[in-house]
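A quick write-up on the structure given underneath.
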Amino acid sequence: MLTADQVAVIKQTVPALQENGEVLTRHFYERMFRENPEVLAFFNPAHQQAGTQQRALAGAICAYAQHIETPAALADAVELIAQKHVSLGIQAEHYPIVGKNLLASIQEVLGEAATPEIIDAWAAAYGTLADIFINREQQIYQDQKTVFGWTGFKRFVVKKREAASDNIMSLYLVPEDGQPLQAHQPGQYITVRVSPEGGEPVMRNYSLSNRPGVDYYRISVKRELAAMDEAPNGVCSNHLHDRIEEGGMLELAPPCGAFTLQSPDEIQRPLVLMAGGVGITPLLSMLYAALDGQQGREIIFIQCALNNAVRPFGEELAALQRDYSNLTTHLRLSEPSDSDRERGDYDSEGFLDAALLRELLGERSAEFYLCGPTPMLKHTWQLLKARGVDEADVHFEFFGPAGDLAG
């Protein structure tokens, strides 16, 4: 339990954390990977290379310090992180490793400024936060066992493999043991664990793109290429594209995730799903669930892609558009090819803008779900903010570590 004096010390460290947060977290990860290499498997090296993991942790530490007296204000952030931890199999015994390296990093980065009082206060604060995560994660593990019938990793057979676009490939997965699958919550992801030839096992999260309740899981994987010269190609995505064939085996952990379709307060308000690139995967599962469970509700599905070659699920969305009168789909291409323009098989050109929202919604209020690359999310957030949409009506998920849409 934090004392009043320790709370005061934590609050006094907020300016230093805001100034040195990313320096601290970079030092922390470098130290932890050096001192405890056994935790490397839990982290995506591309996120480390890009700095997104460090920025996300720095933001989380600052937020915790700012809300040290009211941790309930961080409930959504705690749930997001706890779900991610469970998806990777993080256990209570991993928390002392993080705590040891975090406290050592505070001391090593801040030097003499890290007084014994500051270290003691942060040790107590970390212990309190660790207990919150450990308790919540144990609940999630138990829920997985109850709902899905297993925790940890289970073997699945690749029943079918098909191209969703030029750079996205779908795998249809069924349990090797033949046990029936329980329906996931639309928007959830599963964790795939693979062992690339000559490499260590790696784990990656992939959203489920199938209709909840069918007898298979479907993941739709974009081949990830290096974004910069020094960065690696996506180890897991390239392995799945190049090495996994029909009849092959994959290890899967049960569904996780906090970005899920919620029951509407008002079914009269439209549901708007806005997808960018491979960000369509959780939203497609949400679309199926809404069509099945929210009959009569107007649903607008906006798909943004570079061009039709890399636009996934075109035929699937067209079939749904034909079958459901309450569904409107709109395809916007930012860089249509010459053949796209010749065929004219898209609805509009350019980036998402206020004019398109007015065209599809008029001035009506709606509930929005967004998933796509970070620049698209930030741009769309600003569009919705300018439109006067309440933050409670905007739900979103980042690729990789969570960020700040307002930044």
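In what follows, every heavy atom counts, from backbone to side chain, and hydrogens, waters and symmetry copies are set aside.
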- Query: Would you call R31-E108 a salt bridge at under 4.0 Å N-O?
  - Reply: yes
- Look at the side chain of H241 and the backbone N and O of V221, then say whether any donor-acceptor pair between them is shorter than 3.5 Å. yes
- Once the angle between the rings of H184 and Y217 is folded into 0 to 90°, is it parallel (under 30°), tilted (30 to 60°) or perpendicular (over 60°)? perpendicular
- Other residues, nucleotides, ligands: >12 heavy atoms within 6.0 Å of D76 CG: no
- Under the 3.5 angstrom rule, does the side chain of D340 hit a backbone N or O of N308 as a donor-acceptor pair? yes
- Query: What do you reckon, is NZ of K154 surrounded by more than 12 foreign heavy atoms closer than 6.0 Å?
  - Reply: yes
- Message: Testing R311, R218, R211 one by one against E316 for a salt bridge (Lys or Arg N to Asp or Glu O under 4.0 Å), which residue passes?
- Response: R218
- Message: Determine whether a donor-acceptor pair (N or O, by modelled atom type, separation under 3.5 Å) exists between the side chain of D143 and the backbone of I140.
- Response: no
- Message: Does the plane of the ring in Y95 sit parallel, tilted or perpendicular to the ring in H85? Use 30° and 60° as the thresholds.
- Response: perpendicular
- Message: If we ignore hydrogens and angles and just use 3.5 Å, is the side chain of D347 paired with the main-chain N or O of L331 as donor and acceptor?
- Response: yes
- Message: For R364, is there an ion pair with E298 - N to carboxylate O distance below 4.0 angstrom?
- Response: yes
- Message: Taking A121's backbone N and O only, do any of them form a donor-acceptor pair with Q6's side chain (distance below 3.5 Å, no angle check)?
- Response: no
- Query: Do you know which two heavy atoms are closest between E69 and V7, and how far apart they sit?
  - Reply: CG-CG1, 3.4 Å
- Task: Using atom types as modelled and distance alone, determine if a side-chain donor or acceptor of T13 lies under 3.5 Å from a backbone N or O of I10.
- Result: yes
- Any chance the side chains of E162 and Y172 put a donor and an acceptor closer than 3.5 Å? yes
- Item | Closest non-hydrogen atom pair, C256 against Q144 | SG-NE2, 3.1 Å
- Task: Measure across Y64 and A125 and return the closest heavy-atom pair with its distance rounded to 0.1 Å.
- Result: OH-O, 2.8 Å
- Message: Is it the case that atom CD in E200 sees more than 12 heavy atoms from other parts of the structure closer than 6.0 Å?
- Response: no
- Query: Do K84's NZ or CZ and the ring of F42 fall within the cation-pi criteria of under 6.0 Å and 45°?
  - Reply: no
- Under 6.0 Å between ring centres, would you say that holds for F351 and H379? no
- Ignoring hydrogens and geometry, is there a side-chain-to-backbone donor-acceptor pair from R26 to Q54 under 3.5 Å? no
- May I ask you to check whether over 12 heavy atoms, not counting those of Q295, lie within 6.0 Å of atom CD? yes
- Message: Let me confirm one number: the NE2-CD1 distance from H239 to I244, rounded to the nearest 0.5 Å.
- Response: 4.0 Å
- Query: Quick check: does any side chain N or O of T25 sit under 3.5 Å from a backbone N or O of E22, one acting as donor and the other as acceptor?
  - Reply: yes
- Minimum heavy-atom separation for V192 to F153, with atom names? C-CE2, 4.4 Å
- Between the main-chain N or O of L327 and the side-chain N or O of Q321, is there a donor-acceptor pair closer than 3.5 Å? yes
- Query: Is there a donor-acceptor pair closer than 3.5 Å between any side-chain N or O of R341 and the backbone N or O of P336?
  - Reply: yes
- Residue pair Q138 / Q142, side-chain donor-acceptor N/O under 3.5 Å: no
